[in-house]
Amino acid sequence: MEEEVRLISASYSREEDGVVVELYGKTKEGKSIVGRYHGFLPYFYLVEPPAVLLEKLSEDEEIKNMEDVELWYRGKMRKCVKVTLSSPWKTPNYRRFASEFCEVLAADIPFHQRFIYDFDLGSCVKFVGDYKPNDKYTAEIVMELESVENIEDFKPELKIFSFDIENSMKDGTIFTIGYAIWENGEIKEGHVEGDEKELLENFVKVIRKEDPDVITGYNIDGYDLEVITDRAKKLGVELNIGRDGSKPQRIGGQFWRVHGRVIEDAWWAVKKELRLKQESLEAVSQELLGEGKMDVDRVNIDEEWEKDRDKVIKYCVKDAELALRILLKIGIIGKYMDLATVTKFPLDDVMHSGTSTWVDSLLIREADRRKIGVPLQGQERKRGKIEGGYVHSLEPGLYHWICVLDFKSMYPSIIIKYNICFTTLSEDGDIVSPTGAKFLSKERREGIIPKILKDLMAKRDELKRKMKEAATEEERNYYDGLQKAVKILMNTFYGVLASSFYRFTDPRIGASITSFARETIRKIIGNLESRGLKVVYGDTDSIFFESPHQNLDGSVKFGTEMAKEISEKEELILEFEKILEPFFSHGAKKRYVGRIVWPEDKRGEMIVRGYEIRRTDSFDLQSEAQKMVFEKILDGDVEGAISLAKEIVSKVRRGEVEIEKLVISRTVRDFKRYKNPNSMANVQAAKKLMKKGFKFIPGMKVSWIVVNARGSKQDVEPYIPGKEFPYRPDFQYYARRIAETLARITEVFGIDQEELLTGKKQSSLSAFGEKKKMKTLFDYE
DNA sequence: GGAAGCCGGGG
DNA sequence: GTGTACGGCTTCC
């Protein structure tokens with residue numbers, strides 16, 4: 001019997017006759033399946049172990065086998081012993097014990113991943129074996145596996161179960177659980193009823209019956225799952241919602257895992273994929289779906305429940321539905337399926353493991369093939385930060401016809417070009433990085449990291465080619481998703497190598513990569529300048545220079561030629577990415593704005609880098625004013641921009657501003673949890689609300705307006721939407737904040753914060769012309 | 001300037 | 001379960 005399966009998650013069970021590896025997935029036909037594999041055993045390696053250790057281990061019943069092997073480790077082949085044991089869960093103990101005697105290798109690899117590496121499985125496989133009904137599982141098909149083979153990847157539609165709970169603010173009792181299920185392009189809704197115990201039992205029943213691949217909801221990681229687990233425990237309900245009947249488990253006080261399914265919090269998905277100022281379900285639904293939650297006062301949920309149960313149930317189901325549609329809208333499942341394909345992992349592993357594990361997935365397999373020892377992940381963390389990319393200084397001003405060139409996969413290309421790898425790092429290497437580290441040339445020993453990256457790069461080119469040749473939109477999207485995933489994975493390699501203590505590397509390697517990159521980009525900038533071109537800016541892998549032609553056609557032609565010419569010289573590919581007309585910066589690195597005029601499909605798009613305001617104490621007027629001024633500048637109207645900035649500031653000073661645009665909001669927790677509660681504006685606002693007779697519940701969001709910022713601490717007054725605000729905002733304070741924001745732009749034209757505020761020039765320096773002085777004034781980094 | 005603290009979502 | 005884990009901003013030292 002055979003079944004073609006996309007792997008969703010993998011784990012193992014202890015059964016009477018030993019350990020069983022369980023591979024969960026979805027078949028091409030859309031059925032849920034579990035494949036059971038018997039007889040795979042955990043193992044690790046000892047490097048040059050002393051006899052006393054071997055003796056002790058050989059007397060131990062847990063140890064199944066010991067075998068002499070040779071492994072390359074720290075620059076040479078060494079005598080090692082492969083130790084096979086019978087219980088994966090005991091491995092950490094033996095690892096700790098053995099570490100007292102000698103170095104231990106590959107003893108910290110999760111058992112199911114060890115299985116996947118050893119069978120070199122990808123994310124889609126063929127199960128070969130017999131169907132054996134087994135009432136342990138909720139899956140439709142259960143197979144006892146004889147073998148597992150890799151097959152071409154496919155993306156089955158997954159079944160997604162979204163839920164939401166409503167529970168008492170007073171005692172935590174769960175009132176209802178609403179859900180929405182995505183299957184075959186349709187959404188089905190429902191809720192569970194009964195007293196709290198029945199309700200939880202019914203919830204478990206629904207999940208077991210529906211057997212979803214993915215469980216979601218909004219902030220379920222931090223709230224709903226926690227509450228449900230607590231209440232179930234109190235009431236003695238078995239929360240066996242795993243595909244094997246196991247309970248969900250919290251990992252590191254963070255996310256949750258359950259055997260056979262993926263638990264993906266829609267809120268976290270939104271955080272990962274988008275950068276939004278407001279992340280509440282209401283705000284995100286409005287933003288992505290154009291509709292909001294139902295009108296229920298959840299601070300008074302107990303009363304609402306007493307008053308109108310049907311309404312609360314509807315509200316609850318609606319929230320579950322919104323979370324589901326958000327998850328679908330951002331396409332995170334599809335994206336991670338593509339990443340699963342390129343990392344050769346089950347979906348759950350790629351979604352819920354760190355990026356270093358993605359790199360492990362390719363690197364450990366390759367290391368095993370080449371008999372290279374796999375070191376343990378070091379314990380040290382966050383040490384010795386390496387120097388990053390080169391950032392070219394940016395002189396303040398407005399520029400025209402800026403060509404932007406970008407290195408294609410710069411860091412991966414550098415790693416390949418200079419054969420940078422832990423296997424090539426060597427004192428007698430002939431490739432010397434600017435930091436002094438030496439690497440063997442490709443001819444003497446090809447590094448395994450460069451090899452993997454080279455394959456990935458070729459893979460990406462092939463996928464891009466297939467994408468271009470695609471006959472249908474669907475096919476095109478399929479390949480586009482995969483090529484993007486390869487790109488993400490390639491960049492992850494650098495990110496992991498640059499982190500100070502990844503198992504396969506050390507800071508010398510990360511530092512060498514960036515130093516080669518800095519050297520390369522500096523050289524190219526130097527070349528461009530020696531041709532008389534003005535290089536305006538550059539950051540890590542991009543170069544911005546002024547086109548010698550003040551028109552579109554000439555600039556496109558010139559940029560294309562330059563990219564081609566430099567690429568040929570460097571063994572690295574420079575791509576002509578875009579033309580900005582105009583381009584503006586006030587002179588700080590990583591901060592600029594511009595309008596794209598080429599390529600055609602992005603024409604008119606405004607790009608803003610580094611100026612985004614995402615401070616927790618920001619108010620709407622700040623970002624609105626900034627945006628308006630930028631738009632004027634990009635229209636080429638500098639005078640207009642300056643007068644607009646002055647006008648906005650003086651209007652705020654005079655109090656001619658919509659009060660809503662000055663509101664600042666934040667959550668307030670239990671006052672006791674603050675070290676210095678009285679100094680915090682949110683606490684002050686909450687206390688004043690209570691005085692006015694409003695009910696305060698920890699966790700509530702409060703809004704306020706600053707009414708006096710002159711003293712040692714800010715005086716604020718709560719703002720209640722829809723009600724008149726009976727105080728006078730501290731307009732001087734708001735004018736100052738706005739002027740601070742806008743002056744960063746207008747300073748380039750000689751108008752500083754003081755002048756925006758008072759209309760008077762404060763410094764004797766006037767605007768342009770005095771470049772040298774301007775540079776010292778504005779070149780803050 | 002780096003480490004520690006806190007928020008954000010949810011009822 | 002061979003894994004101990006957010007990301008960004010602010011305040012503190």
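In what follows, chains carry the letters A, B, and so on, assigned in the order in which the sequence lines appear, proteins first and then strands, with residues in each chain numbered from 1.
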S.K.: Of all residues at least two apart in sequence or in a different chain, which pass the ring pair (Phe, Tyr, Trp, His ring centres under 6.0 Å) check with A/Phe345?
M.R.: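 For A/Phe345, no residue satisfies ring pair (Phe, Tyr, Trp, His ring centres under 6.0 Å) once neighbours in sequence are set aside.
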S.K.: Rounded to whole angstroms, how far apart are CG on A/Asp670 and P on B/dC6?
M.R.: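 The distance from CG of A/Asp670 to P of B/dC6 comes to 13 Å, rounded to the nearest Å.
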S.K.: The criterion is side-chain hydrogen bond (donor to acceptor under 3.5 Å, both in side chains); which residues satisfy it with A/Asn167, sequence neighbours excluded?
M.R.: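 Result, side-chain hydrogen bond (donor to acceptor under 3.5 Å, both in side chains) vs A/Asn167: A/Tyr223.
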S.K.: Between P on C/dA5 and CG on A/Asp108, what's the gap in Å once rounded to a whole number?
M.R.: 13 Å
S.K.: Look at A/Lys90 and C/dG1 and indicate whether a side-chain polar atom (N or O) is within less than 4.0 Å of OP1 or OP2.
M.R.: no
S.K.: Counting the atoms with a prime plus P, OP1 and OP2 as sugar-phosphate, which does A/Gln254 contact under 4.0 Å by heavy atoms, base, sugar-phosphate, or nothing?
M.R.: base
S.K.: Can you find a donor-acceptor N/O pair under 3.5 angstrom joining the side chain of A/Arg669 to the base of B/dG9?
M.R.: yes
S.K.: With respect to the side chain of A/Trp89, which nucleotide from B/dG8, C/dG1, B/dG11 is positioned closest?
M.R.: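 Out of B/dG8, C/dG1, B/dG11, the nucleotide with an atom closest to A/Trp89's side chain is C/dG1.
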S.K.: Categorize A/Ile220 for me: base, sugar-phosphate, or nothing, with a 4.0 angstrom heavy-atom threshold over every strand shown.
M.R.: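 Since no nucleic acid heavy atom lies under 4.0 Å of A/Ile220, the category is nothing.
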S.K.: Nearest to the A/Thr91 side chain among C/dG3, C/dT2, C/dG1, which nucleotide is it?
M.R.: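 Ranking C/dG3, C/dT2, C/dG1 by closest atom to the A/Thr91 side chain puts C/dT2 first.
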S.K.: Can you check the A/Tyr117 OH to C/dG3 C1' distance for me, whole Å?
M.R.: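 After rounding, the gap between these two atoms is 11 Å.
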S.K.: Just to be sure I understand the rule, does A/Phe175 reach a base, reach only the sugar-phosphate, or reach nothing, if contact means heavy atoms closer than 4.0 Å?
M.R.: nothing
S.K.: Which atoms form the tightest heavy-atom contact between A/Ser361 and A/Thr343, and what is the distance?
M.R.: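 Taking every non-hydrogen atom into account, OG-O, 2.6 Å.
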S.K.: Check the distance between B/dG9's P and A/Ile263's CD1 and give it to me in whole angstrom.
M.R.: 22 Å
S.K.: Tell whether A/Asn219 reaches the base of B/dG10 with its side chain through a donor-acceptor pair below 3.5 angstrom.
M.R.: yes
S.K.: Want to settle it: does A/Lys272 or A/Ser353 sit nearer the 5' end of DNA chain C, counting the closest nucleotide to each?
M.R.: A/Ser353
S.K.: What are the residues of residues 222-232 of chain A, sorted by number, that bring a heavy atom to within less than 4.0 Å of DNA chain B?
M.R.: A/Gly222, A/Tyr223
S.K.: If we take the P atom in both C/dT2 and B/dC7, what is their distance in whole Å?
M.R.: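 It works out to 35 Å between them.
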S.K.: Return the orientation label for the A/Tyr336 and A/Trp358 ring planes: parallel under 30°, perpendicular over 60°, tilted otherwise.
M.R.: perpendicular
S.K.: Using atom NZ of A/Lys318 as one end and atom P of B/dG10 as the other, report the distance to the nearest whole Å.
M.R.: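 For the pair A/Lys318 NZ and B/dG10 P, the rounded distance is 15 Å.
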S.K.: In whole angstroms, how far is the P atom of C/dA5 from the CH2 atom of A/Trp358?
M.R.: 17 Å
S.K.: Counting any heavy atom closer than 4.0 Å, what does A/Ile251 reach on the DNA or RNA strands: base, sugar-phosphate only, or nothing?
M.R.: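 Answer is base: heavy atoms of A/Ile251 come under 4.0 Å of a base.
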S.K.: Of all the heavy-atom pairs spanning A/Met169 and A/Asp302, show the shortest one and how long it is.
M.R.: N-OD1, 3.0 Å
S.K.: Is the A/Phe119 ring parallel, tilted or perpendicular to the A/Phe40 ring (thresholds 30°, 60°)?
M.R.: perpendicular
S.K.: Taking the same atom, C1', in B/dG11 and in C/dG7, what whole-Å distance lies between them?
M.R.: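 The answer is 25 Å between these two C1' atoms.
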S.K.: Across the strands shown, which category fits A/Arg14 at heavy-atom distances under 4.0 angstrom: base, sugar-phosphate, nothing?
M.R.: base
S.K.: Can you see if the side chain of A/Arg666 gets near the phosphate of B/dC7 - specifically, an N or O under 4.0 Å from OP1 or OP2?
M.R.: no
S.K.: Describe the nucleic acid contact of A/Pro92 in one word from base, sugar-phosphate, nothing, applying a heavy-atom distance below 4.0 Å.
M.R.: sugar-phosphate
S.K.: For A/Lys293 and A/Arg298, run side-chain contact (heavy atoms from CB on, under 4.5 Å): C-alpha distance rounded to whole Å, both residues' side-chain angles, the deciding distance at 0.1 Å, then the answer.
M.R.: CA-CA 11 Å; A/Lys293 287 158 67 94; A/Arg298 69 160 187 245; 3.7 Å; yes
S.K.: Does B/dC7 have its OP1 or OP2 closer than 4.0 Å to a side-chain nitrogen or oxygen of A/Lys271?
M.R.: no
S.K.: Within this structure, what is the CG-to-C1' distance between A/Asp349 and C/dA5, rounded to whole angstrom?
M.R.: 14 Å
S.K.: The side chain of A/Asn167 lies closest to which of these nucleotides: C/dT2, B/dG11, B/dG9?
M.R.: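 Minimum distance to the A/Asn167 side chain belongs to B/dG11.
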S.K.: Base, sugar-phosphate or nothing for A/Asp302? Non-hydrogen atoms, less than 4.0 Å.
M.R.: nothing
S.K.: Please confirm whether the shortest side-chain N or O distance from A/Gln278 to OP1 or OP2 of B/dG9 is below 4.0 Å.
M.R.: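 Looking at the OP1 and OP2 atoms of B/dG9, one of them is under 4.0 Å from a side-chain N or O of A/Gln278.
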S.K.: Quick one: which of B/dG10, B/dG8, C/dT2 gets closest to the side chain of A/Trp268?
M.R.: B/dG8
S.K.: Base, sugar-phosphate, or nothing for A/Arg257, non-hydrogen atoms under 4.0 angstrom?
M.R.: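 Here A/Arg257 touches the bases of the nucleic acid.
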S.K.: Over how many whole Å does the gap from A/Phe345 atom CZ to C/dG3 atom P extend?
M.R.: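 Interatomic distance, CZ of A/Phe345 to P of C/dG3: 14 Å.
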S.K.: Heavy atoms under 4.0 Å, any strand shown: does A/Phe111 hit a base, just sugar-phosphate, or nothing?
M.R.: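 Base contact - A/Phe111 has a heavy atom under 4.0 Å of at least one base atom.
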S.K.: So, OP1 or OP2 of B/dG8: does either fall under 4.0 Å of a side-chain N or O from A/Thr667?
M.R.: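 Yes, because at least one side-chain N or O of A/Thr667 sits under 4.0 Å from OP1 or OP2 of B/dG8.
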S.K.: Report the nucleotide, chosen from C/dA5, B/dG9, C/dG3, that has the shortest atom-to-atom distance to any side-chain atom of A/Phe255.
M.R.: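 Side chain of A/Phe255 sits closest to C/dA5.
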S.K.: Does the plane of the ring in A/Phe255 sit parallel, tilted or perpendicular to the ring in A/His352? Use 30° and 60° as the thresholds.
M.R.: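 Because their plane-to-plane angle is under 30°, the rings of A/Phe255 and A/His352 count as parallel.
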S.K.: Looking across every strand, which nucleic acid part, if any, lies under 4.0 Å from A/Leu85 by heavy atom: base, sugar-phosphate, or nothing?
M.R.: nothing
S.K.: Just to confirm, is there a sub-4.0 Å distance from OP1 or OP2 of B/dG11 to any side-chain nitrogen or oxygen of A/Arg298?
M.R.: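 Yes.
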S.K.: Can you name the nearest heavy-atom pair linking A/Ile109 to A/Arg114, along with the distance?
M.R.: CD1-NH1, 3.4 Å
S.K.: Taking the P atom in each of C/dG1 and C/dC6, what is the distance between them to the nearest angstrom?
M.R.: 15 Å
S.K.: Can a donor-acceptor pair be found between the side chains of A/Asp348 and A/Tyr24 at a distance below 3.5 Å?
M.R.: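 No, A/Tyr24 and A/Asp348 have no side-chain donor paired with an acceptor closer than 3.5 Å.
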S.K.: Any idea which heavy atoms bring A/Leu85 and A/Tyr43 closest together, and the distance?
M.R.: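 Here A/Leu85 and A/Tyr43 meet closest at CD2-CA, 4.3 Å.
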S.K.: Between C/dG3 and B/dC6, how many Å separate the two P atoms, rounded to a whole number?
M.R.: 31 Å
S.K.: What does A/Asp265 touch in the nucleic acid at a heavy-atom separation under 4.0 angstrom: a base, only the sugar-phosphate, or nothing?
M.R.: nothing
S.K.: Let's see if you can work this out: which of B/dG10, B/dG9, C/dG1 has an atom nearest to the side-chain heavy atoms of A/Leu281?
M.R.: B/dG10
S.K.: Would you indicate what A/Lys170 reaches in the nucleic acid, counting non-hydrogen atoms under 4.0 angstrom: base, sugar-phosphate, or nothing?
M.R.: nothing
